[in-house]
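Structure first, then comments.
Read the numbers this way: they start at 1 and go in the same order the structure lists the ligands and their atoms.
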Amino acid sequence: MAALSPRLVAAVLCLLTGVLTFPLGPDSERPATCGYESCHATKANMLNVHLVPHTHDDVGWLKTVDQYFYGDRNDIQHAGVQYILDSVVDQLLKNPDRRFIYVETAFFYRWWKQQSSSMQQTVKQLVNEGRLEFVNGGWCMSDEATTHYSAVIDQMTMGLRFLNETFGACGRPRVAWHIDPFGHAREHASMFAQMGYDGFFFGRLDYQDRDRRMRSKEQELLWRASDSLTPPMADLFTGILPNGYNPPTGFCWDQLCDDPPIRDDPDLEDYNVDDVVKRFLVIANSQAMVYKTNHIIMTMGSDFQYENANLWYKNLDKLILYVNAKQASGSRVNVLYSTPSCYLQELHRANLSWALKTDDFFPYADGAHDFWTGFFTSRPALKRYERISNSNLQTCNQLEVLGGPASRKGPFGEGDSQTLKKAMAVAQHHDAVSGTEKQHVANDYARRLAQGWQHCQVVVSNSLAALSGSSAERFYCDNLNISVCPLTESSKKFSVGVYNPLARPVSWSVRLPVNGTAYVISDPKGKPVDCEVVPVSRATRGVRRSRGFAVNELVFQVQAPPLGYSTYSVSLLQDGPPPAPTHHRTPTAIQNKFLRVTFDPDTGLLSSLSNLETEQSIKLTQNFYWYNASDGNSESNQPSGAYIFRPNSSTPFIISEFAKTETVQTSVVQEVRQWFAPWVSQVVRLYADSRALELEWTVGPLPIDDSLGKEVITRLDTSIKSSEFFYTDSNGREMLQRKKDFRPTWNLKQTEPIAGNYYPINSRAFIKDDVDQLTVVTDRSQGGGSIHNGSLEIMLHRRLLHDDARGVGEPLNEFSRIFPEGLVVRGRLLLSLDRPPAAADTHRPLAQEVVLQPLLTFTHGDPSPNTRLEFSGLQAALPPAVHLLTLTQWDPDTVLLRLEHQFQSQESKVNSQPVTVNLQKLFSTLDVLGVSELNLSANQWRDEMTRMAWTPQTDKMTSPPLKTFRGHSSTWEVTLKPMEIRTFLLRVSVR
Ligand SMILES: *[C@@H]1O[C@H](CO)[C@@H](O)[C@H](O)[C@H]1NC(C)=O
Ligand SMILES: *[C@@H]1O[C@H](CO)[C@@H](O)[C@H](O)[C@H]1NC(C)=O
Ligand SMILES: [Zn+2]
């Protein structure tokens with residue numbers, strides 16, 4: 001048979017599509033036809049197979065992000081992103097029909113910086129012609145189970161901004177693409193909708209869900225991702241890819257695969273074109289059976305593929321040629337180079353109605369005993385470090401704006417927020433904060449965060465110097481949670497600056513390591529502040545080891561104005577031996593004016609919790625347990641690992657029936673210190689002014705000398721009649737209802753009674769009945785479940801001895817230089833008890849105070865006389881429903897501002913109402929000269945934002961396209977409806 005050359009076929013296709021393409025010349029300046037206009041034509045009366053050449057480039061996993069970029073350490077994994085981009089560009093130039101999508105801007109940005117301007121010009125042209133298309137386009141492809149929305153929005157903004165600034169409108173991705181994350185969060189879908197994406201594709205969902213969707217042709221659906229936002233604001237068309245993100249079996253033509261190439265010389269013995277075409281048609285036709293339209297998509301690529309792109313493209317060119325050649329003899333299959341957006345466009349043109357989904361895609365299981373619910377907790381220390389780093393970054397961003405240019409260059413040198421922004425952005429990757437990377441890669445993420453924070457400290461110090469008028473050196477104590485702070489440990493006189501990143505006044509309790517026994521403290525107005533000195537606990541001494549030597553902690557309450565700071569002066573009154581004796585018996589109760597907590601005097605465990613204001617009381621016991629991690633059994637050889645949670649029994653072992661206790665009772669804080677085992681202790685702590693009970697847990701090193709992997713939980717057992725329901729947040733925002741052994745969209749066959757009932761908890765979870773709601777606020781992402789009525793369990797730490805065969809190739813067995821015998825982790829849970837209708841008014845602000853915590857800075861001695869001891873960046877606090885989500889320098893004269901309504905509709909009688917803020921009257925030190933509104937990811941003007949409209953099956957009404965409107969720049973007044981986030985670019989000048 002006479003084979004047409006690929007070039008000739010390309011020309012034929014051009015005629016068909018009416019799009020003229022020429023080989024690129026240096027001065028071929030043609031109008032941009034990127035986006036939907038650059039798609040190849042399809043055939044209405046045929047099955048169209050969209051081949052999507054792609055590479056999945058993890059922003060760190062088995063190797064660090066830099067090792068992946070350069071192709072270093074190929075002994076660990078053969079992967080080099082720089083070569084992928086070199087090779088793909090080269091191959092795209094060889095045939096204008098070819099397409100490629102690129103996803104991870106963290107890598108693209110590195111590569112772009114290293115290209116000559118002529119290469120940059122060439123790439124721009126490929127982008128302008130839609131031959132190279134960006135999809136997703138965030139700095140990384142974020143994890144969905146363990147990330148907080150604030151950091152996800154930031155990392156998307158960073159990647160999309162680079163694409164817009166480099167490529168303009170043709171660089172704006174139309175499609176969100178999360179082909180690898182291990183389950184999918186509703187809040188991510190909501191964010192993607194508000195970022196202007198027309199559709200979303202992913203690869204992983206529960207295998208039972210997949211089966212049902214294949215049978216009912218519901219692998220493409222409309223996800224309504226918010227209960228509060230008016231449709232279609234949070235509606236996102238969602239497509240589930242046919243084979244994860246891999247090519248169909250037998251069609252992988254990379255140097256990393258072994259499938260036979262297309263051998264098309266009929267004179268040679270091993271000619272296989274007929275066989276390849278036949279196999280392809282079988283696969284295409286069977287795939288078409290489980291999708292709705294006469295279009296299907298095939299992902300032609302995989303992890304780090306296309307390093308030698310010639311292999312793929314040479315065979316894809318031939319595949320298209322030979323499959324389409326069959327049309328002459330009656331075949332009804334048409335294959336084409338395509339992209340996710342071109343495929344999406346065809347689905348949209350089909351003008352069908354789509355199944356509506358309102359829950360999420362957690363948990364994810366790829367087999368009966370393979371629930372990916374372990375990573376909700378894996379690497380708890382990294383998860384906490386990532387969360388604190390977000391708080392520090394937001395503070396750094398705000399102070400960079402409030403302090404003006406002097407923050408970047410000032411008395412403490414040159415600083416920047418960019419380093420921490422980038423470190424946070426890579427930390428959102430689905431093998432970063434998720435905890436599913438190799439140990440050396442986890443270390444690299446932590447190192448980047450630490451380095452970023454160093455750069456930010458300079459910004460913070462400079463800014464505070466500018467705002468306070470004092471250039472006294474500021475010290476930072478990052479280890480206060482283990483009572484380590486060299487300055488406060490040794491100083492007789494020091495001051496504490498408390499910066500509050502929230503837009504409302506907040507008070508916190510602080511605990512500082514000190515050596516003295518009596519101190520006097522004064523607030524910014526010179527008024528004395530109540531304080532107490534309590535001894536450092538045995539558990540804390542155990543964790544801090546030789547890193548500090550303070551014998552006591554100084555405890556007092558501080559307050560700081562919105563987006564501002566207060567300065568407290570501390571002076572030693574009395575040195576000497578330990579203070580306040582501790583009692584070794586368990587008190588029957590501790591209480592403040594809001595809460596009363598009782599203990600069982602025999603066991604030392606919590607026994608009840610009462611809210612004195614609302615006069616409600618529940619039985620509450622709490623203890624620590626461990627699940628014995630499976631190392632495989634006769635049912636399945638699946639062990640627990642970094643991804644998978646698989647206990648070998650549904651009954652966890654109790655660590656101790658009793659807690660040894662010590663009690664500290666002072667006027668500012670009351671503590672019951674519980675000791676369960678050498679590796680488990682806790683402080684039950686009630687501050688005088690707090691509406692929440694704090695449980696500070698310390699867990700580790702988990703013993704493994706018995707050769708048993710351990711997954712440690714704490715469990716709260718209450719008298720609440722929760723009737724199999726509990727509630728978890730989605731990425732820190734809207735709450736989702738969970739029911740035991742139940743999924744809202746399919747008939748679940750439960751095969752793992754514990755692991756199959758675990759869900760991600762990003763910032764809080766609660767159980768409730770008609771009268772009582774117990775909310776638990778966490779300080780990091782964790783996994784948890786409600787296995788029994790009235791019970792809520794949270795997994796705190798895990799140490800495993802086997803790899804779970806999902807690629808990381810290491811058991812999750814963390815240790816460090818300071819903890820060679822295994823990692824010790826400390827964290828806090830905050831408990832509040834409320835009447836259900838009012839509970840959100842408590843838990844929303846509480847969770848927020850844990851996410852955005854005050855930043856403490858320390859200076860030696862007294863502040864110099866003219867120092868400004870108190871400052872607020874706002875003219876007035878924002879209303880309680882409004883959260884200032886983002887305030888960051890954008891360009892020299894502009895700042896990016898995000899305001900958020902932080903309540904769901906119906907959630908709160910007082911707060912679930914629209915609320916209006918005046919942008920011009922917002923800041924105390926900045927004049928707002930102009931305002932424009934943007935989409936959520938700040939890469940498109942709000943009034944230019946139009947999205948494809950999709951019709952859900954269950955709604956009779958067709959959703960109208962998103963209404964666009966001009967920013968309210970004329971009035972300065974902006975109104976926020978429940979759960980709405982609005983993004984503004986403000987032109988400002990410093991007063
Ligand atoms: C703090 O107190 C401890 C124990 O009393 C003592 O060993 C240490 O030298 C003191 N350090 C300072 C700086 O006062
Ligand atoms: C996108 O980038 C262009 C420059 O390429 C800039 O003029 C425009 O303002 C940017 N758009 C947004 C929404 O930031
Ligand atoms: Zn991945």
* Asked: Could Arg987 and Trp890 be counted as a cation-pi pair, given that NZ or CZ must be under 6.0 Å from the ring centre and within 45° of the axis?
  -> no

* To do: Please identify which atoms of ligand 2 are closer than 4.0 Å to at least one heavy atom of Glu165.
  => 5 (O)

* Compute the centroid of each ring, for Phe200 and then for Phe192, and state whether the two points are separated by less than 6.0 Å. => yes

* Can you name the one residue among Trp112, Tyr197, Phe108, Tyr109 that meets ring pair (Phe, Tyr, Trp, His ring centres under 6.0 Å) with Phe134? -> Phe108

* Structure fact -> In ligand 2, the atoms that come under 4.0 Å of a heavy atom of Asn939 are 13 (C)

* Asked: At the Zn ion (ligand 3), what's the angle from His56 NE2 to Asp58 OD1, rounded to 10 degrees?
  -> 90°

* Asked: What atom name does the N, O or S atom of Asp180 nearest to the Zn ion (ligand 3) carry?
  -> OD2

* Report yes or no: does Asp431 have an N/O/S atom closer than 2.8 Å to the Zn ion (ligand 3)? => no

* Please assess Asp209 against Arg213 for the test salt bridge (charged side-chain N to carboxylate O under 4.0 Å, His left out), listing each intermediate value before the final yes or no. => CA-CA 6 Å; Asp209 194 10; Arg213 289 180 181 279; 3.0 Å; yes

* To do: Could you give me the CA-CA distance, side-chain angles and deciding distance for Asn246 and Ser302, then say whether side chain to side chain donor-acceptor pair (under 3.5 Å) is met?
  => CA-CA 5 Å; Asn246 294 307; Ser302 194; 2.6 Å; yes

* Check each heavy atom of Leu934 against ligand 2 and say whether those closer than 4.0 Å belong to the side chain, the backbone, both or neither. => side chain

* If you have a sec, work out which protein heavy atom is nearest atom 4 (C) of ligand 2 and how many Å separate them, to one decimal? => Asn164 O, 4.3 Å

* Any atoms of ligand 2 less than 4.0 Å from a non-hydrogen atom of Gln940? List them with their elements. => 13 (C)

* Within a distance of under 4.0 Å, is there any protein heavy atom near atom 11 (N) of ligand 2? -> yes

* Does the ring centre of Tyr758 sit less than 6.0 Å away from the ring centre of Phe376? -> no

* Nearest-contact summary for atom 9 (O) of ligand 2 - protein heavy atom, Å -> Trp941 CZ2, 3.7 Å

* Asked: Looking at Phe371 versus Tyr364, is the centre-to-centre ring distance below 6.0 Å?
  -> no

